[in-house]
Amino acid sequence: MAKHAKSLLSRWSSRVFLVEVDEKPLYFRLQARHGGERAPQVFGQLRQEDRCFSVLVCTGDRIKGAKFYPQLRDKLSKELPPGCDLTTMGSFLPRVRDSFIRGYFLKSSAEYSAHVERLLRDLVRREPLLVCSYAAGGGGGQAWTQRLWSPSEDETVSDYFVVSSDEPECHPSALSMINNDVFYSFEEARDVFRKCGDVIPEAASVLEMLPGSAGVSQKPLFPVVVLEGLDATGKTTLTESLRETLGAALLRSPPDCLSPWRALFDREPPLIRRAFYALGNYITAQQIAQEGMKTPVIVDRFWHSTAAYAIATATGGPVSNLPGEGSEVYSWPGDLLRPSLVLLLTLDAEERKRRLKDRGLEKTDEEQKLDCNQLFRLRVEEAYRRISGPPCVTVDASPSADKVLQQTLLLIRSNCHL
Ligand SMILES: Nc1ncnc2c1ncn2[C@@H]1O[C@H](COP(=O)(O)OP(=O)(O)O)[C@@H](O)[C@H]1O
Ligand SMILES: Nc1ccn([C@H]2C[C@H](O)[C@@H](COP(=O)(O)OP(=O)(O)O)O2)c(=O)n1
């Protein structure tokens with residue numbers, strides 16, 4: 001049996017499982033004996049003869065795992081019979097960092113369960129997966145049991161009863177965010193790109209653009225002001241005006257030199273996509289350090305964008321699912337240049353939509369998600385506010401462009417000694 005699967009199985013009965021139903025996580029855990037508890041909510045509506053399955057991705061190779069997870073969904077969606085319901089799930093050891101594993105949960109009516117079982121048996125032989133089946137009937141008929149399919153013929157694995165579990169203090173995705181969704185050093189992000197060269201040849205071109213190290217030798221002499229905010233809050237308009245008014249250099253993250261590869265890495269799974277944006281910040285940091293010796297520098301998006309979108313995407317559901325305020329996930333990378341000031345442009349949802357419509361440009365998937373998913377937008381905005389590091393000041397972007405400019409100039413002058 002693979003070493004990774006073995007280590008997962010060694011603490012199997014301590015794991016908590018969550019199944020995401022309409023972005024709401026429903027939790028259950030395992031128990032050796034049945035004490036008359038009701039079946040967890042996720043099994044609540046099912047009939048005795050129905051079957052459920054969990055399919056969890058289990059590989060020690062992060063890149064392979066990240067690429068395989070969405071492919072598995074496509075494969076299951078294509079091959080599962082029509083009466084089968086598929087949703088995302090995960091499993092973790094409470095409070096254990098990097099213990100979170102992802103997968104899918106399948107509900108099948110009795111009619112199709114033999115078909116689903118055949119499909120999964122075939123899959124588990126070829127792919128790094130841990131599969132469990134769930135059936136009703138134990139503990140006097142009401143209880144559901146989990147059977148873990150042994151990854152090798154000579155292993156015996158116990159059956160467990162499944163019972164509801166309390167919500168953990170923080171959403172379990174927070175246990176795996178660090179260095180999977182958000183990178184806190186140049187080395188960590190670069191390491192992902194070095195490792196994904198075999199599967200994505202373009203990674204080499206990005207590596208060529210990188211500085212030798214994160215380190216910026218000298219602090220810029222002039223103020224460095226970053227403009228942040230959701231799409232269409234007016235960043236481009238304001239950065240252009242600031243450039244003219246202050247005679248500043250205007251930079252952006254990701255930097256222009258990464259433009260040829262942005263669309264490609266936007267289609268990659270979070271691990272690779274987020275590493276791309278993280279690396280972009282280090283290239284921009286080098287440019288800031290150079291320009292900042294000659295003039296003030298205005299930057300269109302920087303670290304706040306990278307971290308806030310990543311954290312908000314990795315966490316589902318309401319704002320309360322975000323890692324708590326003060327969590328280490330909101331900390332500024334120790335090796336990344338700190339701007340003098342970060343301004344966060346805020347706009348109410350209706351006005352932002354109106355501006356988006358007037359602008360009429362094509363939107364990224366993530367921006368379309370912002371548009372139709374109110375919860376996602378709220379999570380991004382709150383994550384922006386929680387990020388620590390350089391001072392972050394909120395600017396109301398709803399007045400006219402000129403008024404927003406005047407307000408911003410006042411803030412820059414009072415915070416940056418210009
Ligand atoms: N203060 C403002 N009032 C009204 N419309 C604005 C204002 N600032 C920008 N816009 C318009 O809103 C749209 C989005 O602005 P833009 O600067 O492109 O935002 P971002 O760079 O944040 O995506 C553009 O059509 C722009 O002309
Ligand atoms: N420094 C940055 C800049 C953008 N991103 C990501 C976050 C979102 O997925 C997109 C938003 O960028 P986009 O270019 O669509 O937004 P604007 O048009 O500049 O407002 O890019 C990032 O992670 N880090």
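Just follow the structure's listing: the first ligand is 1, and inside any ligand the first atom is 1.
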Quiz prompt | Under 3.5 Å donor-acceptor, Glu228 side chain and Phe302 backbone | solution = yes

Quiz item: Has Gly229 got any heavy atom lying under 4.0 angstrom from an atom of ligand 1?
Solution: no

Self-check item: Ring centroid separation Phe265 to Phe193 under 6.0 Å
Solution: yes

Self-check item: For Asn281, atoms of ligand 2 separated by under 4.0 Å from a heavy atom
Solution: 1 (N)

Quiz prompt | Distance filter under 4.0 Å to Ser400 heavy atoms, resulting ligand 1 atoms | solution = 1 (N)

Quiz item: Would you say the side-chain atoms of Ser113 pair up with the backbone N or O of Arg51, donor to acceptor, closer than 3.5 Å?
Solution: no

Quiz item: Are Tyr104 and Tyr69 near enough that their ring centres are under 6.0 Å apart?
Solution: yes

Quiz item: Looking only at distance, does Asp300 have an N or O less than 3.5 Å from an N or O of ligand 1?
Solution: no

Self-check item: Atoms in ligand 2 with a heavy atom of Asp231 nearer than 4.0 Å
Solution: 17 (P), 18 (O), 20 (O)

Quiz prompt | atom 19 (O) of ligand 1: the protein heavy-atom neighbour that sits closest, reported with distance to 0.1 Å | solution = Gly234 N, 3.1 Å

Exercise. Could you tell me if any non-hydrogen atom of Glu228 lies under 4.0 Å from any atom of ligand 2?
Key: no

Quiz prompt | Exercise: identify the closest heavy-atom pair between Arg379 and Gly316 | solution = NH1-C, 3.7 Å

Self-check item: N or O pair under 3.5 Å between Leu238 and ligand 1
Solution: no

Quiz item: Under 6.0 Å between ring centres, would you say that holds for Trp303 and Tyr330?
Solution: no

Quiz item: Are Thr233 and ligand 1 in contact, using a heavy-atom cut-off of under 4.0 Å?
Solution: yes

Quiz item: Do any N or O atoms from the side chain of Arg274 and from the backbone of Asp181 form a donor-acceptor pair under 3.5 angstrom?
Solution: no

Exercise. Can you label the angle between the Tyr309 ring and the Phe376 ring as parallel, tilted or perpendicular, going by 30° and 60°?
Key: perpendicular

Quiz prompt | Top protein contact for atom 14 (C) of ligand 1, by heavy-atom distance | solution = Ala232 CA, 3.7 Å

Exercise. Starting from the C-alpha separation in whole Å, work towards a yes-or-no answer on ring pair (Phe, Tyr, Trp, His ring centres under 6.0 Å) for Phe17 and Trp12.
Key: CA-CA 11 Å; Phe17 297 78; Trp12 191 251; 5.5 Å; yes

Quiz item: So which protein heavy atom does atom 25 (O) of ligand 1 come closest to, and at what separation?
Solution: Arg359 CB, 3.8 Å

Quiz prompt | ligand 2 contact on Arg262 by region, counting heavy-atom pairs under 4.0 Å | solution = side chain

Exercise. Using distance alone, determine whether Ser253 and ligand 2 share an N or O pair under 3.5 Å.
Key: yes

Quiz item: Considering distance alone, does some N or O of Glu351 sit under 3.5 Å from an N or O of ligand 1?
Solution: no

Exercise. State the atoms of ligand 2, each with its element, that fall below the 4.0 Å cut-off from a heavy-atom position in Pro254.
Key: 3 (C)

Quiz prompt | Any donor-acceptor pair under 3.5 Å from Arg102 side chain to Leu56 backbone | solution = no

Quiz prompt | ligand 2 atoms in contact with Lys235 (distance to a heavy atom under 4.0 Å) | solution = 20 (O)

Quiz prompt | Aromatic plane relationship, Tyr134 with Phe43 - under 30° parallel, 30 to 60° tilted, over 60° perpendicular | solution = tilted

Quiz item: Is it true that a side-chain atom of Thr59 and a backbone atom of Asp61 form a donor plus acceptor pair closer than 3.5 Å?
Solution: yes

Quiz item: If hydrogens are left out, which of Thr236, Leu230, Asp231 has an atom nearest to atom 21 (O) of ligand 1, that is, the closest non-hydrogen atom?
Solution: Thr236

Practice problem: Compute the shortest N/O to N/O distance between Pro399 and ligand 1 and return yes if it is under 3.5 Å, no if not. | Solution: yes

Quiz item: ligand 2 versus Phe302, non-hydrogen atoms closer than 4.0 Å: side chain, backbone, both, neither?
Solution: backbone

Self-check item: Identity and distance of the protein heavy atom lying nearest atom 12 (O) of ligand 1
Solution: Arg355 CD, 3.3 Å

Quiz prompt | Exam field: side chain Asp335 to backbone Phe186, donor-acceptor pair closer than 3.5 Å | solution = yes

Practice problem: Salt-bridge test for Arg386 and Glu382: reply yes if a basic N is under 4.0 Å from a carboxylate O, no otherwise. | Solution: yes

Quiz prompt | Heavy-atom nearest option to atom 15 (O) of ligand 1, drawn from Thr237, Leu227, Leu405 | solution = Thr237

Quiz prompt | Under 3.5 Å: N/O of Arg359 near N/O of ligand 2 | solution = no

Quiz item: Could a heavy atom of Arg273 be found less than 4.0 Å from some atom of ligand 2?
Solution: yes

